[in-house]
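To start, the structure under review is shown below, and the notes come after it.
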Amino acid sequence: MERTLIAPGVHLSCDPASKFNRCRISIHFAFPAERKTATAHALLPLVMERGYADCPDMTQLTKKLAKLYGADLTVDARPMGCNHNLCVSVTGIKDAFALEGEALTAEYTKIALGAAFHPYFVDGCFDPQAVSIEKQMLKKGLEDEINDKRIYCLHQANREFFGDSPAGVRQEGYLEEVDGLTPAVLTDAYRQMLRTANIELLVLGCDAAQTAAIRDALLAELACIDRAPLPLVENMAMPAIAPVHKTENYDMVQAKLCMLFTLGQPMQPQQLAAVRLAMALYGGSVTSRLFLNVRERDHLCYYCSSSFQSFTGSMAVNSGVEHADAARAEQAILKELADLCTGPITDEEFEDCRRGLLSGMNGVEDSLGGIESWYYIEVLRAGANSAAPIQSPEQARNALRAVTKDEVRDILRRLTLSVSYLLTKEDTAHAAE
């Protein structure tokens, strides 16, 4: 993947991806997440995906994409640590496969730039009807969060864990603010994004001439905007604290337990390979300690797994447990972490986890979406304006092959419990007291 700076705060990353018969154009807008605009930015992609100035109706847009051999337009938001990311992406078959020699890539470019820079406005603002419809969709999604207790428990734990830090901004939006969003407020948030975002243009599956044309078209759009890109918030970590235990009571069949751990300092890029293997050993695979011991051997959890967030240096352990077993499950989860830090790690389990990770990473380059996600996250980890080298999947696999048990233990020993959040029945909570 070749990456170059093409304007202040704007980079182009491209790969001819010759093995695919499709191409992909993605425009990523990354900017610091702010509490005051979080809900507007959560609504923004829903409205933008409905169409743009030259194709304002969803029916028209669907027909246009269908005529382009089933091309696909997506506009989505992807929270990345302390930064918000909005991505406009168009995917379709390459020009070489067009039946009548159509210039498909040029059409994809128009759609991507239209959706990104020319939304459908009514009297200078987003269409009030579209805003009203998508507000209801956003509101319903936020209201329904509590119905998925696994996700709800994780979000509640995150709120307790991050507090008022930059990573504590709820990038999914705030339910109580949805009704107050107006087309004018949403338009202001959109224009702020255009002015302040760092932009990453990813072009996959296009030749040099097509890539240059896409680049020039983007630069022409940016020339009409008074740009002032803001530096992205760097990777962070919450400080180590004494563990906080929180409980909420619900009438539910299965209790949910979420435990959040912190490294205490930002994760460094060179630690990533060891972090990946540490998670696979602890709770990120079917050969992990949490799966084999806490779930299978001790029967304390219906599910129990760990995951790591590199942007915030934090690990989450999520589990579903019997209400009466919650305390025992928490102690068992902590014991497995302690055992990995101080006890033996067999060569068999170590290599099983390594092979599993390598097998999964071999599939990264099997799709344009996988390639895009890989490199964009690498860009954000290094910092959008950093000159640090971006790691390819093969380089990452080589780094993983070189990880030692001591490096894994070093990562695991740094992790300390900060928050334990439990959803359980009220009578069980009272019994525990």
Side-chain angles (χ1 to χ4, degrees), residues 1-18 20-30 44-45 47-58 60-76 78 85-121 190 193-194 197-225 227 367-369 371-373 375-376 379:
M1 178 76 74
E2 180 183 350
R3 183 171 186 257
T4 55
L5 179 70
I6 58 175
V10 185
H11 287 82
L12 165 65
S13 296
C14 58
D15 184 339
S18 56
F20 297 101
N21 62 8
R22 295 168 69 81
C23 60
R24 185 179 180 96
I25 302 168
S26 298
I27 307 168
H28 289 264
F29 298 88
L44 191 55
V47 177
M48 290 175 65
E49 195 174 41
R50 295 177 63 89
Y52 55 99
D54 288 342
C55 202
D57 181 83
M58 292 184 70
Q60 293 179 41
L61 178 60
T62 300
K63 289 180 178 178
K64 185 178 184 69
L65 293 170
K67 287 180 180 178
L68 296 172
Y69 302 91
D72 179 60
L73 166 68
T74 59
V75 184
D76 58 28
R78 308 175 188 181
N85 177 73
L86 184 145
C87 177
V88 177
S89 183
V90 178
T91 306
I93 66 170
K94 294 179 177 179
D95 291 14
F97 300 98
L99 296 178
E100 299 180 6
E102 301 97 320
L104 298 177
T105 304
E107 291 299 317
Y108 304 151
T109 304
K110 291 177 183 177
I111 295 172
L113 294 177
F117 296 99
H118 300 284
Y120 175 54
F121 281 170
Y190 166 73
M193 179 188 75
L194 293 187
N198 290 267
I199 297 175
E200 193 79 20
L201 173 64
L202 283 102
V203 180
L204 304 176
C206 296
D207 62 29
Q210 292 167 334
T211 300
I214 297 167
R215 176 201 64 204
D216 293 345
L218 173 65
L219 292 176
E221 295 288 354
L222 295 177
C224 303
I225 301 170
R227 294 263 299 154
S367 70
L368 293 175
I371 294 172
E372 179 200 338
S373 295
Y375 280 102
Y376 186 64
V379 165

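Since we're looking at a predicted model, the values are computed, not measured. Throughout, numbering of the chain's residues begins at 1 and tracks the sequence.
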Calculate, to the nearest 0.5 Å, the distance between atoms OG and CD1 belonging to Ser13 and Ile6 respectively.
9.5 Å

Contacts of Arg78 that satisfy side chain to side chain donor-acceptor pair (under 3.5 Å) - sequence neighbours left out
Asp76

Would you say that Val379 contacts His11 through its side chain, given a criterion of any heavy-atom pair below 4.5 Å between the two side chains?
no

Separation between CG of Asp54 and CG of Leu61, rounded to the nearest 0.5 Å
11.5 Å

Rounded to the nearest 0.5 Å, what's the gap from CG on Leu12 to CD on Glu200? Could you check?
8.0 Å

CD of Gln60: more than 12 outside heavy atoms within 6.0 angstrom?
yes

Any side-chain heavy-atom pair of Phe20 and Ile371 under 4.5 Å:
yes

Validation row: Leu204, Met1 side chains within 4.5 angstrom (heavy atoms):
yes

Give, for atom CG of Leu222 and atom CD1 of Ile199, the distance between the pair rounded to the nearest 0.5 Å.
4.5 Å

Considering non-hydrogen atoms only, spot the tightest contact between Met48 and Val75 and give its length.
CB-CG1, 4.0 Å

Answer yes or no: is there a side-chain heavy-atom contact under 4.5 Å between Val88 and Ile25?
no

Would you find a donor on one side and an acceptor on the other, under 3.5 Å apart, between the side chain of Tyr108 and the backbone of Ile93?
yes

Heavy-atom side-chain contact between Arg24 and Thr91 under 4.5 Å:
yes

Straight-line distance of Leu202 CG to Arg3 CZ, nearest 0.5 Å:
9.0 Å

Flag the pair Leu68 / Val90 as yes when at least one side-chain heavy-atom distance between them is below 4.5 Å, and no otherwise.
no

Is Asp95 reaching over with its side chain to a backbone N or O of Ala103, donor-acceptor style, under 3.5 angstrom?
no

What is the ring orientation for His28 with Tyr376, classed by angle as parallel under 30°, tilted 30 to 60°, or perpendicular over 60°?
parallel

Do Leu201 and Val10 come close enough that some side-chain heavy atom pair is under 4.5 Å?
no

To the nearest 0.5 Å, atom CD of Gln210 lies from atom OG1 of Thr105 at 4.0 Å

What side-chain hydrogen bond (donor to acceptor under 3.5 Å, both in side chains) pairs are there with at least one residue in residues 64-73, not counting sequence neighbours?
Tyr69-Glu102

Side-chain donor-acceptor distances from residues 110-118 under 3.5 Å, at least two apart:
unit_1: His118; atom_1: NE2; unit_2: Glu221; atom_2: OE1; d: 2.9
unit_1: His118; atom_1: NE2; unit_2: Glu221; atom_2: OE2; d: 3.0

For the student: nearest non-hydrogen atoms of Glu372 and Cys87, plus distance:
OE2-SG, 3.7 Å

Determine whether a donor-acceptor pair (N or O, by modelled atom type, separation under 3.5 Å) exists between the side chain of Arg227 and the backbone of Leu194.
yes

